[in-house]
**Q** 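This structure is in structure tokens; I'll ask about it shortly.
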Amino acid sequence: MSSYDSFEDSPLPAPRISDLARVHGPDYLEGLNPEQRAAVEATEGPVLVLAGAGTGKTRVLTTRLAHILATGKAKPWELLVVTFTNKAAREMRERITAIIGPQAEGLRWLGTFHSVAAQVLRRHAELVGLKSNFTILDTDDQERLIKQVLEAENVDAKRWTPKTLAGLIDHWKNRGWTPDRLPANEGKEFANGKGQALYRLYQERMRVLNACDFGDLLLHNLTIFMSQPEVLAEFHRRFRYILVDEYQDTNVAQYLWLRLLGQASQNVCCVGDDDQSIYGWRGAEVDNILRFERDFPGATVVRLERNYRSTSHILAAASGLISANKGRLGKTLWTEQNGGEKVIVRGVWDGEAESRLIADEIERAKKGGAEKEPRKYRDMAILVRASFQMRAFEERFVLLSIPYTVVGGPRFFERAEIRDAHAYLRLIQSPDDDLAFERIVNTPKRGIGDTTVQKLLQIARLNGVPVMTAAREVVLTDELAARTRTALSNFLRDLDRWRSQAETLHHARLTEQVLEESGYTDALRLDKTPTAQTRLENLKELVQSMGNFDTLQAYLEHVSLVMDMDRGPQADAVQIMTLHAAKGLEFPLVFLPGWEEGVFPSQRSMDESGEKGLEEERRLGYVGITRAREEARISFVANRMVYGRWTSQLPSRFVDELPLANVEASSETGYYGGGPGMQQQHGSTWDSTPAFGSGYSSPGWQRAQSRGYQGSHPGRQQVIEGEGRLVAESSAASDYKRGDRVFHQKFGYGQVKGVDGNKLTVAFDKAGEKKVIDSFVEKG
DNA sequence: CGTGCTCACCTTTTT
DNA sequence: GGTGAGCACG
């Protein structure tokens, strides 16, 4: 890890063209298409590179850097290169190293927005009232701190949750608003207009704790740059070239930060794709990329439009979808990979059928067949809109023994047990860390309850000292019950012991010991819940990973900014992930399930952000389809269980927006007939739904049955309308069981809640109430 | 102070 | 449906 407090330039010389040639062949520009080459060679003034999906963006970025270095326009340490994720930064560093060799180590300002901003802030922390060793709070710490502020201000934390305020503050920071700069109408609706005051108090609390949150890293940078011209000038001299990846995802604060840093040299190169802006909900402003030419007059704009990833059908389907959006900069992607399979769109009966269908196809693709090469599991991906959709696939895959991995999900460093371990270490390292103290003072349970903690907090606040100091005082008095006092003084004694051991013991070994002696691992071992085992393993993994760092300090610094652990080599498994997580990835075969109104596009997104939200959802669809190299398969269902309730689904409007010529559609629900016209029947009634074929016998279903699968077949659940009565395949109530789906002419669809003799109790979707039904008629 | 029960909630996610 | 948070009770 490079040290942040030294501005010493790298001793490594800049690479020469001859070095590049040696590493990368006779000419590192070779093989670039004309547009890519233009993007690489435009080294004077502002440049906007509009890089469509799969057009070789990363190659252009890295080659451009190499070119700047090779032509002697700048030294590695004079380049500011920012990405959004650690993964992207890591990848870029690796690829540049492959071109220019060890000189890449001199690229000390290559990193995420936050890590670069943190380096700047460590250097100038005192200008915003912090010390250079400030801690970076994560969301959990943040919310607990906010909760304290709310309590101190007597705000009803039930009506106005810490989460809500944390979200608001985050939003404000994303827009570059400090408490002073906050527009008057902001935060009015929170806690009767106390929003701004609470924001200010939160910031003050953090200053006292010598801490800042993620948003502050950039916000404090802005404050420094705007109030200290000589500091800004120092960075102007330093950064001769600025390169930004995924520019469409920048928020206002990041935009301002870039403008401030780039205004002197004007050598700002932003790379992005307005059609792949999918982070509006966390403050990204597509507008930043849309108005680049106005912000940087005379900018060179290069469009990368040749796609090297997908077949023409896939590309055309994605282009057709995205063309429904307004206000695009516009690109026309093309490819030489003509033909291939059309995008397959299918409607199926319910979520179970959908997962069965996809699992079947995965098995078929894995096996290969006539004229089809077998695929590896890892070459197939399921991209969902929301994580609740994942479970159906996981269950199915477990059943059929299909290996899969869920990408994303709760991050390793955000797991409670890891954060607990970190809290112990933080407290050992800095006794003033009140948040860490609170977190673990009674974890594992050691008889120091909430009342005691509140008391300690109060005393600490009153005397303006850290909670730890207050605790030390209190155990000397008889203010606490004898039992509590003993528990607390034992805890303090343990901490002191660990602290003195920390000086000699390796931090990995120390962690192990702390976890043992605190009783943490014992508590987990006694825990009978199934997650306890995983937690113990996570802790083991933690201890192991700590070995990679020289000091505890270095380790803690790493985890606060690089909340990202290198996963080992990927096993051969089907990848399940959200559309968001899929950005930047590609797969030969991509499944896109759940294209239903309300699921995708997400109802909430449309409710909250209207047309803007819908357009972002559409971009998400575009991202999804363009992940596919060879085959893309979209599906939607007629019935879906959402939060334990059955809901009737309509196909997504996006299905209708796909160009007919590139799509092959079929439906088992009668909703989306495919064939000529392919008219979607929004608003039609279920009466027109043809009975689901009773002869359904997919290979996967039969296999599942032979493996003892107990679930009900959707064909059995199919019901048709009758005259004021419940009509079904079977006339006997005993043929139904709890959970079966039924239809009633008068009450609509419902779910069987109970069977009693010849009576069914049914909960109907619409009425929202239960009814007992006792009349049955034979089907047909 | 710890446990068991009811109730509200339920996108997308990085740093 | 499943879970975590908050509250009542022992």
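Just so it is clear: chains get the letters A, B, ... in the order the sequence lines come, proteins before strands, and each one is counted from 1.
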**Q** What nucleic acid atoms does Thr83(A) come within less than 4.0 Å of, heavy atoms only: base, sugar-phosphate, or nothing?
**A**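 No contact.
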**Q** Using whole Å, report how far CZ of Phe388(A) lies from P of dT11(B).
**A**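 Rounded to the whole Å, the gap is 8 Å.
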**Q** Below the 4.0 Å mark, does dT12(B) have OP1 or OP2 next to a side-chain nitrogen or oxygen of Ser387(A)?
**A**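 The answer is yes; a side-chain N or O of Ser387(A) sits under 4.0 Å from OP1 or OP2.
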**Q** Between dT14(B) atom C1' and Phe84(A) atom CZ, what is the distance in whole Å?
**A**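 Distance, rounded to whole Å: 9 Å.
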**Q** Answer yes or no for this row: Trp281(A) ring on dT12(B) base, centroids under 5.5 Å, planes under 30°.
**A**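 Trp281(A) vs dT12(B): stacking yes.
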**Q** Might you point out which heavy atoms bring Asp273(A) and Ala53(A) nearest each other, and give the distance in Å?
**A**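 Smallest interatomic distance, heavy atoms only, reads OD2-N, 3.7 Å.
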**Q** Rounded to whole angstrom units, what separation is found between the CZ atom of Arg446(A) and the P atom of dG2(B)?
**A**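 In whole Å, dG2(B) P lies 11 Å from Arg446(A) CZ.
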**Q** Which nucleotide wins on minimum distance to the side chain of His580(A), given the candidates dT12(B), dG2(C), dT11(B)?
**A**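 The answer is dT12(B), which lies nearest to the side chain.
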**Q** Return the nearest nucleotide to the side chain of His114(A); candidates are dT13(B), dT15(B), dT12(B).
**A**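 Nucleotide nearest to His114(A)'s side chain: dT15(B).
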**Q** Atom CD1 of Ile278(A) and atom P of dT11(B): how far apart are they, to the nearest Å?
**A**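 Rounded to whole Å, this separation is 17 Å.
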**Q** Checking contacts here: which listed nucleotide (dG6(C), dC1(B), dG2(B)) is nearest the side-chain heavy atoms of Asn442(A)?
**A**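 Closest nucleotide among those given: dG2(B).
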**Q** When you get a sec, tell me which of dT11(B), dT14(B), dT15(B) is the closest nucleotide to the side chain of Arg282(A)?
**A**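 My answer, after comparing the listed nucleotides, is dT14(B).
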**Q** Does dT12(B) count as syn, meaning its glycosidic angle lies within 90° of 0, or as anti?
**A**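 dT12(B): anti glycosidic orientation.
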**Q** Measure from the side-chain heavy atoms of Ala581(A) and tell me the nearest of dG2(B), dT13(B), dT15(B).
**A**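 Nucleotide nearest to Ala581(A)'s side chain: dT13(B).
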**Q** To the nearest Å, give me how far apart CG (Asn251(A)) and P (dT12(B)) are.
**A**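 Taking atom P of dT12(B) as the reference, CG of Asn251(A) is at 21 Å.
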**Q** Over how many whole Å does the gap from Gln248(A) atom CD to dT14(B) atom P extend?
**A**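 Value for this atom pair: 16 Å.
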**Q** Look at Thr452(A) and dC1(B) and indicate whether a side-chain polar atom (N or O) is within less than 4.0 Å of OP1 or OP2.
**A**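 Checking dC1(B) against Thr452(A), a side-chain N or O does come within under 4.0 Å of OP1 or OP2.
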**Q** Pick base, sugar-phosphate or nothing for Thr578(A), based on heavy-atom distances below 4.0 Å to the nucleic acid.
**A**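 Sugar-phosphate: the residue Thr578(A), judged by heavy atoms under 4.0 Å, touches backbone atoms but no base.
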**Q** Please evaluate the base of dT11(B) for a donor-acceptor partner in the side chain of Arg385(A) within a cut-off of under 3.5 Å?
**A**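 No such pair is found, so the answer is no.
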**Q** Rounded at 0.5 Å granularity, tell me how far NZ in Lys612(A) sits from CD in Glu615(A).
**A**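 Rounded to the nearest 0.5 Å, the NZ-CD separation comes to 10.0 Å.
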**Q** Measure from CD on Glu395(A) to P on dG2(C) and round the result to the nearest Å.
**A**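 Glu395(A) atom CD is separated from dG2(C) atom P by 9 Å.
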**Q** Over all strands shown, is Arg391(A) touching base, sugar-phosphate only, or nothing at heavy-atom distances under 4.0 angstrom?
**A**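 It contacts sugar-phosphate atoms only.
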**Q** Glu143(A) CD to dG4(C) C1': how many Å, rounded?
**A**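 Spelled out: CD on Glu143(A) to C1' on dG4(C) is 13 Å.
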**Q** For Glu608(A), report the nucleic acid contact type (base, sugar-phosphate, nothing); a contact means any heavy atom under 4.0 Å.
**A**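 Since a base atom lies under 4.0 Å of Glu608(A), the category is base.
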**Q** Are Tyr279(A) and Trp281(A) an aromatic pair by the rule of ring centers under 6.0 Å?
**A**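 Yes: the rings meet the under 6.0 Å criterion.
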**Q** Mark yes when over 12 heavy atoms from residues, nucleotides or ligands other than Asp607(A) sit less than 6.0 Å from its CG; otherwise mark no.
**A**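 Enclosed.
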**Q** Any side-chain N or O of Asn86(A) under 4.0 Å from OP1/OP2 of dT14(B)?
**A**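 No, Asn86(A) has no side-chain N/O under 4.0 Å of OP1/OP2 on dT14(B).
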**Q** Indicate the atoms forming the closest heavy-atom contact of Tyr199(A) with Trp177(A), along with that distance.
**A**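 In this case the closest contact between Tyr199(A) and Trp177(A) is OH-O, 2.7 Å.
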**Q** Once you apply a heavy-atom cut-off of 4.0 Å, does Ile448(A) come out as touching a base, just sugar-phosphate, or nothing?
**A**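 Result for Ile448(A) = sugar-phosphate.
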**Q** How would you list, by chain and number, every residue that makes a side-chain hydrogen bond (donor to acceptor under 3.5 Å, both in side chains) with Asp140(A), sequence neighbours excluded?
**A**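 Here the qualifying residues are Arg419(A), Arg439(A).
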**Q** Which nucleotide, dT11(B), dT15(B), dT13(B), lies nearest any side-chain atom of Ala386(A)?
**A**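 From the listed options, dT11(B) comes nearest.
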**Q** Categorize Glu617(A) for me: base, sugar-phosphate, or nothing, with a 4.0 angstrom heavy-atom threshold over every strand shown.
**A**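 Contact class for Glu617(A): base.
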**Q** For Leu217(A) and Thr484(A), find the nucleotide of DNA chain B closest to each by heavy atoms; which residue's nucleotide sits nearer the 5' end?
**A**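 By nearest-heavy-atom nucleotide position, the 5'-most residue is Thr484(A).
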**Q** Which distance, rounded to the nearest 0.5 Å, do you find between the CZ of Arg207(A) and the NE2 of His220(A)?
**A**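 If I round to the nearest 0.5 Å, the distance is 7.0 Å.
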**Q** Looking at the side chain of Arg604(A), which of dG6(C), dC10(B), dC1(B) is the nearest nucleotide?
**A**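 The answer is dC10(B).
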